[in-house]
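Report on the following structure.
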Amino acid sequence: MKKVVLAFSGGLDTSCAVKWLQEKYGFEVVCFSAFIGEVSDKSKLHKRAKAAGASKLYIEDLKEEFARDFILPALRAHARYEGKYPLATALGRPLIAQHLVRIAEKEKAEFVAHGCTGKGNDQVRIEVGVRTLNPSLKIIAPLREWEFKTREEEIEYAQENNIPIDATKASPYSIDKNIWGIAIEAGILENPWQEPPEEAYVMTRGLDRVPKKPRYLEIEFKDGVPIKLNGAAKSLVDMIESLNEIAGTYGVGRFDQIENRLVGIKSREVYEAPAAEVLLKAHQELEGMAMDRDFIHYKKLLSEKYAQLVYFGLWFSPLKEALDEFFKSNQKRVSGKVRMKLDHGHAICVGRKSDYSLYCEKLATYSKGDLFDRTSAEGFLKIWGLPYEGLKAKQPQE
Ligand code: ARG
């Protein structure tokens with residue numbers, strides 16, 4: 001019997017997909033679930049996969065790997081798509097693609113399948129990832145092929161086939177969550193004029209429920225990696241989970257944006273990423289103090305490009321990998337401490353220090369002890385402005 005490995009979340013789509021792949025193609029279906037965010041109930045997931053007809057289910061706890069190999073490079077890169085979205089979902093997909101390929105090879109399956117729709121970015125990330133890693137695997141996307149047009153039709157199919165579904169979990173939104181953040185789409189959010197209702201948010205409190213007083217955090221970085229929170233050592237996963245909790249309480253890390261998908265559609269996206277917001281800002285602040293002007297300005301251009309590559313599903317591409325090397329360079333200098341203030345939805349850097357700081361108070365000061373040599377400013381400015389002096393005299397006529 002031909003075999004397919006399906007990326008399985010246990011939701012309605014992928015549960016129906018198990019049955020559908022068997023009926024339509026006569027496949028043996030092996031399921032694979034990656035845990036990179038919420039720890040779902042493993043035994044429930046097993047039950048579901050079995051009830052839907054899967055021959056086997058791999059559940060893998062991949063949070064550590066996700067943090068080390070996907071989040072950390074994105075943190076170093078200061079990656080935010082279109083200046084805002086810290087790319088949580090976009091970073092999770094190549095990890096899933098990588099493990100789909102690994103399991104398919106192990107299981108000697110010729111096919112892999114996923115539950116992404118035909119109009120999103122996720123299909124791109126999974127399929128391009130799989131094809132880059134193993135072009136001989138064939139990919140099936142049931143949601144692009146099957147006959148169900150609405151959720152109701154899927155529910156009916158599930159009921160007819162005794163596939164268990166959570167009727168109670170009928171969230172009006174499409175949600176994807178991992179430790180780097182959550183994406184909330186669809187339902188009423190599709191109207192871009194409509195403010196997201198408070199109940200759409202999962203990781204952050206509304207400003208009417210945040211603590212009145214601000215809270216200060218001290219984050220210590222070593223070689224570009226956040227290692228301590230308020231003096232206590234933390235693994236990267238721990239750091240991210242703690243910051244999600246703390247900063248989420250202060251309403252930090254909400255984004256509401258109109259975004260340009262790869263497939264050409266503009267979509268309205270609501271994101272929450274409390275830890276990402278705090279860590280991206282903190283890293284940027286420390287690097288800003290430890291690195292020179294040219295590096296910082298040039299890096300900004302590359303960060304933008306990097307975020308696009310990740311968003312567009314090109315995680316395993318040579319350019320993205322080369323950029324990783326660029327962003328890794330000089331990280332030894334990004335060591336030190338950052339003081340962040342959480343206050344009514346904001347995470348503000350209010351202090352930074354590093355042994356590698358290039359900031360020199362004696363040069364910057366307007367008070368006593370100034371060491372800056374003003375007398376050389378005059379000559380410097382003469383030469384700096386020289387190329388522009390002739391412009392006015394030799395202006396072309398309109
Ligand atoms: N628009 C975001 C992205 O492309 C989020 C996608 C969310 N995916 C989902 N299955 N709900 O990365």
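By convention here, the first residue in the shown sequence is residue 1. Just follow the structure's listing: the first ligand is 1, and inside any ligand the first atom is 1. Just so you know, these numbers come straight off a predicted model, no measurement behind them. Any value given below was found using the heavy atoms of this structure, including those in side chains, with hydrogens, waters and symmetry copies removed.
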Fill in: Sequence neighbours excluded - side chain to side chain donor-acceptor pair (under 3.5 Å) pairs with any residue from residues 343-359
Glu285-Arg352
For ligand 1, output the ligand-protein N/O contacts shorter than 3.5 angstrom; if there are none, return none.
from     : atom 1 : to     : atom 2 : distance (Å)
ligand 1 : 1 (N)  : Glu259 : OE2    : 2.9
ligand 1 : 1 (N)  : Glu269 : OE1    : 3.2
ligand 1 : 1 (N)  : Glu269 : OE2    : 3.1
ligand 1 : 1 (N)  : Tyr271 : OH     : 3.1
ligand 1 : 4 (O)  : Asn121 : ND2    : 2.7
ligand 1 : 4 (O)  : Arg125 : NH1    : 3.2
ligand 1 : 4 (O)  : Arg125 : NH2    : 3.0
ligand 1 : 8 (N)  : Asp122 : OD2    : 2.9
ligand 1 : 10 (N) : Asp122 : OD2    : 3.3
ligand 1 : 11 (N) : Ser174 : OG     : 3.1
ligand 1 : 11 (N) : Glu185 : OE1    : 3.2
ligand 1 : 12 (O) : Tyr85  : OH     : 2.6
ligand 1 : 12 (O) : Arg125 : NH1    : 2.8
ligand 1 : 12 (O) : Arg125 : NH2    : 3.0

Discussion item. By the definition side-chain contact (heavy atoms from CB on, under 4.5 Å), identify the one residue from Ile348, Val350, Leu217 that meets it with Arg339.
Written reply: Val350
Discussion item. Suppose we screen for salt bridge (charged side-chain N to carboxylate O under 4.0 Å, His left out). Which residues come up paired with Arg144, at least two apart in sequence or across chains?
Written reply: Glu127
Worksheet item: So, do Phe295 and Phe326 have ring centers that fall under 6.0 Å from each other?
Response: yes
Discussion item. Please give the remaining members of the hydrophobic cluster of Ile383, linking ILVMFWY side chains under 4.5 Å, ordered by chain and number.
Written reply: none
Practice prompt. Determine whether the aromatic ring centres of Phe66 and Trp180 lie less than 6.0 Å apart.
Written response: no
